[in-house]
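In what follows, a single structure is set out as structure tokens and then discussed.
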Amino acid sequence: MNLVWLLVPIIVGAATPLVLQMAVEMAKSIGHMESAVVLHVIGTAVGLAWVGIGLRGAGFTHLAEVPWWAWLGGAIGVCSMAALNRAIPEIGVAAFIGVSIAAQLSVALLVDRGGWLGADIREIGATHGVGALLLVAGAVLIST
């Protein structure tokens with residue numbers, strides 16, 4: 001594994017609490033779902049700008065090849081953002097991130113092990129399970 005690629009989750013992870021709080025602040029003014037929609041529209045505009053300057057993959061000509069279930073990602077994303085806009089003021093950013101990362105890792109292990117949704121199958125060992133349990137324990141400690 002190229003260690004440079006580990007910078008990506010570090011940068012995204014460091015930005016996530018800031019982005020979440022930005023979304024919550026917007027939601028205070030315009031509403032939970034409205035904030036989620038506005039932020040996704042802005043994200044779409046930025047993504048289209050990147051495509052416009054040539055930062056793209058195969059292009060939009062292959063949309064018909066996308067599995068039906070992959071289209072649900074956008075709906076899940078906007079609903080998730082609306083839900084976090086409501087939850088974070090109640091439990092805080094740290095608890096939200098701790099619990100959500102523990103849940104993400106637990107499901108990610110299942111996705112990797114089972115090859116769900118087209119993922120490459122990866123071996124999951126005891127150390128993976130111990131790591132996930134420690135992360136869940138940390139999430140419990142942070143959220144109490």
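Note that these values count all heavy atoms, side chains included, but never hydrogens, waters or copies made by symmetry. Position 1 is the first residue of the sequence; numbering continues from there.
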Worksheet entry | His128 side chain to Gly125 backbone, donor-acceptor under 3.5 Å | yes
Worksheet item: What is the minimum heavy-atom distance between Leu48 and Phe60, and which atoms define it?
Response: CD2-CZ, 4.1 Å
Discussion item. Membership question, hydrophobic clusters at under 4.5 Å side-chain separation (ILVMFWY): are Val51 and Val46 in the same one?
Written reply: no
Response to the item:
Those residues at least two apart in sequence (or on a different chain) that pass side chain to side chain contact (heavy atoms under 4.5 Å, CB included) with Leu72 are Trp68, Ile76
Response to the item:
Nearest heavy-atom contact between Leu141 and Thr144 is O-OG1, 3.2 Å
Practice prompt. May I have all residue pairs that pass salt bridge (Lys or Arg N to Asp or Glu O under 4.0 Å) and include part of residues 69-92, sequence neighbours excluded?
Written response: Arg86-Glu90
Worksheet item: Are Val99 and Ile142 connected in a single hydrophobic cluster, I mean Ile/Leu/Val/Met/Phe/Trp/Tyr linked by side-chain heavy atoms less than 4.5 Å apart?
Response: no
Practice prompt. Apply the side chain to side chain contact (heavy atoms under 4.5 Å, CB included) test between Ile88 and each candidate in Leu84, Asn85, Ile91; give the one that qualifies.
Written response: Leu84
Fill in: Joint cluster assignment, Trp5 & Val12, ILVMFWY side-chain distance < 4.5 Å
yes
Worksheet item: Are Ile42 and Met81 connected in a single hydrophobic cluster, I mean Ile/Leu/Val/Met/Phe/Trp/Tyr linked by side-chain heavy atoms less than 4.5 Å apart?
Response: yes
Worksheet item: Do side-chain atoms of Ser35 reach the backbone of Met26 as a donor and acceptor pair under 3.5 angstrom?
Response: no
Worksheet entry | His32 side, atom NE2; Ile30 side, atom CD1 - distance, nearest 0.5 Å | 11.0 Å
Worksheet item: Are Trp116 and Ile124 joined in one hydrophobic group, where the rule is that I, L, V, M, F, W and Y side chains link up if heavy atoms are under 4.5 Å apart?
Response: no
Which pairs of donor and acceptor atoms, one on a side chain in residues 100-115, lie under 3.5 Å apart (sequence neighbours left out)?
from: Ser100; atom 1: OG; to: Phe96; atom 2: O; distance (Å): 2.9
from: Ser100; atom 1: OG; to: Ile97; atom 2: O; distance (Å): 3.2
from: Ser106; atom 1: OG; to: Ala102; atom 2: O; distance (Å): 2.9

